[in-house]
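Structure first, then comments.
Quick note on labels: first sequence line is chain A, next is B, and so on, each numbered from 1. No hydrogens, no waters, no symmetry mates; every other heavy atom, side chains included, goes into these values.
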Number of protein chains: 2
Amino acid sequence: MVFSRETQLSGPTTKRVRIYDVAQAAGVSVATASKALNDTGRMTEETRSRVKEAASNLGFRPNAMARGLIQRRSFTVGLLTNDTYGRFTLPLMAGVSEELVDQGVSVFLCTIEDDPALAKIHVDAMLDKQVDGIIASGKRIDRQLPVDLTNLNVPVVYAFTQAPAEAVSLVSDDAGGSREAVEWLKTLGRRRIVHVTGPKSFASVEERAGAYRTSVGGSGSVLFGTWSEQWGHEAVSQLWSVGGDKPDAIFCGNDQIARGVVDALRERDVSVPDEVSVIGFDNWEIVAAATRPPLTTIDMNLKALGREAGRLVLALAAGETVEPGIRKLPCQLVIRQSCGGVLRN
Amino acid sequence: MVFSRETQLSGPTTKRVRIYDVAQAAGVSVATASKALNDTGRMTEETRSRVKEAASNLGFRPNAMARGLIQRRSFTVGLLTNDTYGRFTLPLMAGVSEELVDQGVSVFLCTIEDDPALAKIHVDAMLDKQVDGIIASGKRIDRQLPVDLTNLNVPVVYAFTQAPAEAVSLVSDDAGGSREAVEWLKTLGRRRIVHVTGPKSFASVEERAGAYRTSVGGSGSVLFGTWSEQWGHEAVSQLWSVGGDKPDAIFCGNDQIARGVVDALRERDVSVPDEVSVIGFDNWEIVAAATRPPLTTIDMNLKALGREAGRLVLALAAGETVEPGIRKLPCQLVIRQSCGGVLRN
DNA sequence: TTGAAAGCGCTAACAG
DNA sequence: CTGTTAGCGCTTTCAA
């Protein structure tokens, strides 16, 4: 293959082909060409296919800006997030994109730390570009983005972030996930199940802890800490430093804590999963798979959440009525080896 | 704050204000309003500010599609990647966005697994939307994306992925980073430095290994394996199972391997960093910071690489001439505790 | 200094 | 069945 120097150095070479060129080539008017290509209007099959052939010969692709100007939509949505690390946003984004790509919709990703000024710049840029809608997302469901998205004149769907009242909002079902985790441990015959989790200040921590307590039936004990491996270690120290029966299962608030717990137990020669089952939360591949043994954990199905967010924002954009309120999407148990039990994979 | 049900349920309420409305309010023609707002043309300062005030009162924002149709640019660039996990793409994206947001440019993120059909759909969608340029990126520098981006009629910049000859391409300086790692170990007085790295089939592995060999001066030894913690463990087993002098430093091909190495050494009661210094590569926060002790490592400065990619693609779009070829951007030593030595932080 | 008019590339009425 | 016309919201000659 040969590359002209020109091409690589300064971009564009060939002019874009317009519908006018297609019309010329097919020997019809621009209007007819438009109708032929969009499968609208009525005309002989022969004409339609002649136009389509001309278009494909010329490599015609309609200019989305011209089209958008008329149709008042850009086939574009914005995904706004303050999750710079992407732990939650990326799977969400994958879902959104997967849902929308077939409809020709592209996604602007806007990452806005926690800077209101930056957020406003991004939102304004999206609005200028006439996005069909905005999906607001974050890294925790009890904090709002640092920008007001109400009264925008484009639809907004909130996913994995706190939403104003009456908004359309999507979160994962923390309580349900928690329940699944505990039920699985009980299924495996565990009876002394402890919950080691993150800071009390997180709504999801309270939600999961509440569901845990209900599921274990009053006998539970919850240790709050930070979202770190370090805390997992420390929690094990605390649990094993007191006398009496040790736990036979530890349900952790996230995979990092779970990894810390598993490592700490191994260092004490407590066998996982033989003596103690450990279950995580998040299914963060890099953590869950590298743990020895690999973590059984709860997946929040963020990709599915993203798909749903994409679906809803487009529905709203199309003028459909969507019931406002918070939708909780189910979590899913992912079985690896840290609990024992059935092995999928 | 009160939310009208209407607003939340079916999106748009107020009509967008057009430049026509601004012109009316300011009592001038649309043409004058345009010039006033864009600081072009000549008119009394009074008129100009009157228009600007009207615009800001009405909350006017120009429709980017209408504007783009004329100017033939969309103030939009596409970031194409096959790095679904986002390990490399996210920092890159952050850099691109940071560089471009001030210029009003938004970024489409398109993740394309390794599916050529999906890639084509995404590229076509971007082209239809008249992106000003495309940044192609990936997860390794010796593999191409599954799509041909030459002869596109928009500029393309390659970042962290293999580029065709004569393209503008950005990668991090693997050899330089490797050299920095080894030099740092030597500075700390280490003399028996071993390199534990990933699969030989990766160009960056060969590149780093080559620079390592040069830097240690012929006495080196390189162990190739996989990019996993597991392999880090195993490598330590191998190294410590043979007789003779043990290494006093291990330079790892990535942070995951380094973590495996550190964990394995701790399990053998070999002190890090007192007896052995361990240095990683990537500065993947989640891994580097959670390791005990936290990893000293090499950062590839992907965010800076992203900024540069953004800068270049816009320069190309503006018709500027950019020298083709591969640009290597410097890596940077990040000192934590796994090597000993100065403590920043 | 200001405004009227043309037109970016496309779609949608309405005629023919 | 097909083409002519108008116009999306804006910028940009060009004339007044």
Side-chain angles (χ1 to χ4, degrees), chain A residues 12 14-52 54-55 58-76 104 127-132 153-154, chain B residues 12 14-52 54-55 58-76 104 127-132 153-154:
Chain A
T14 55
K15 292 188 70 150
R16 290 202 60 122
V17 0
R18 299 149 311 167
I19 198 171
Y20 172 82
D21 304 311
V22 175
Q24 289 266 302
V28 297
S29 74
V30 169
T32 303
S34 172
K35 282 177 240 161
L37 295 171
N38 292 307
D39 287 316
T40 56
R42 30 176 86 265
M43 68 192 65
T44 54
E45 237 351 281
E46 194 278 325
T47 307
R48 201 180 286 281
S49 56
R50 185 155 39 87
V51 172
K52 285 187 174 175
L58 294 171
F60 169 74
R61 308 232 90 225
N63 182 324
M65 301 189 115
R67 180 182 258 179
L69 197 53
I70 304 168
Q71 306 191 338
R72 269 103 192 234
R73 48 174 304 205
S74 59
F75 288 88
T76 274
L127 260 18
D128 291 355
K129 278 153 196 149
Q130 315 289 118
V131 288
D132 298 338
N153 88 352
V154 297
Chain B
T14 54
K15 293 188 72 147
R16 288 201 63 118
V17 3
R18 298 149 312 165
I19 198 170
Y20 172 84
D21 304 313
V22 175
Q24 291 265 304
V28 297
S29 72
V30 170
T32 302
S34 172
K35 283 176 239 164
L37 295 172
N38 292 305
D39 286 317
T40 58
R42 28 174 89 267
M43 67 192 66
T44 54
E45 237 351 280
E46 194 276 325
T47 307
R48 201 182 288 281
S49 56
R50 185 154 39 88
V51 172
K52 286 189 173 175
L58 295 172
F60 171 73
R61 308 233 91 225
N63 180 324
M65 301 189 114
R67 179 182 257 177
L69 195 54
I70 304 169
Q71 302 186 164
R72 287 148 161 161
R73 25 175 326 203
S74 59
F75 287 88
T76 274
L127 260 19
D128 291 354
K129 279 154 193 147
Q130 315 290 115
V131 288
D132 298 338
N153 87 353
V154 296

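Distance B:Arg16 CZ to D:dC10 C1': 13 Å, rounded to the nearest Å. One atom, CZ of B:Phe60, and another, C1' of D:dG9, lie 8 Å apart when rounded to the nearest Å. One atom, CZ of A:Arg67, and another, C1' of D:dG7, lie 17 Å apart when rounded to the nearest Å. Whole-Å rounding puts the B:Leu69 CG to C:dG9 P distance at 7 Å. Rounding to whole angstrom units, CZ of residue A:Phe75 and P of C:dC10 are separated by 15 Å. Residue B:Tyr20 contributes atom OH, which lies 13 Å from atom P of D:dG7 at whole-angstrom precision. Taking atom CD of residue A:Gln71 and atom P of nucleotide D:dG9, one finds them 13 Å apart after rounding to whole Å. D:dC10 atom P lies 10 Å from atom CG of A:Asp128, rounded to whole Å.
Checking C:dG9, D:dC1, D:dG9 against every side-chain atom of A:Ala66, the shortest atom distance belongs to C:dG9. Closest to the side chain of A:Lys35, from the set D:dG9, D:dT2, C:dC10, is D:dT2.
Among all heavy-atom pairs drawn from B:Asp132 and B:Phe75, the shortest one is OD2-N, 2.9 Å.
Between A:Asn38 and C:dT11, a side-chain N or O to OP1/OP2 separation shorter than 4.0 Å is present. The shortest distance between the side-chain N/O atoms of A:Ser29 and the OP1/OP2 oxygens of D:dT5 is not below 4.0 Å. A sub-4.0 Å separation between OP1 or OP2 of C:dG9 and a side-chain N or O of B:Arg72 is present. Contact annotation: A:Ser34 side-chain N/O to C:dA12 OP1/OP2 distance is not under 4.0 Å.
Residue B:Thr32 is in base contact, counting any heavy-atom pair closer than 4.0 Å across all strands shown. Heavy atoms of B:Thr47 sit under 4.0 angstrom from primed sugar atoms or phosphate atoms, though from no base atom. The residue B:Val30 sits close to a base: some heavy atom pair falls under 4.0 Å. Among the protein residues, A:Arg18 comes within range of the sugar-phosphate backbone only, with heavy atoms under 4.0 Å from sugar or phosphate atoms but none that close to a base.
Here B:Gln71 contributes atom CD and B:Gln130 contributes atom CD; the two are 13.0 Å apart, rounded to the nearest 0.5 Å. The CZ atom of B:Arg67 sits 10.5 Å away from the NZ atom of A:Lys129 when rounded to the nearest 0.5 Å. The distance from the CG atom of A:Asp128 to the CE atom of B:Met65 is 12.0 Å, given to the nearest 0.5 Å.
Looking at which nucleotide of DNA chain C each of B:Ile70 and B:Met43 is closest to, the 5′-most match is held by B:Met43.
Side-chain contact between A:Arg16 and B:Arg72 is absent, with no heavy-atom pair separated by less than 4.5 Å.
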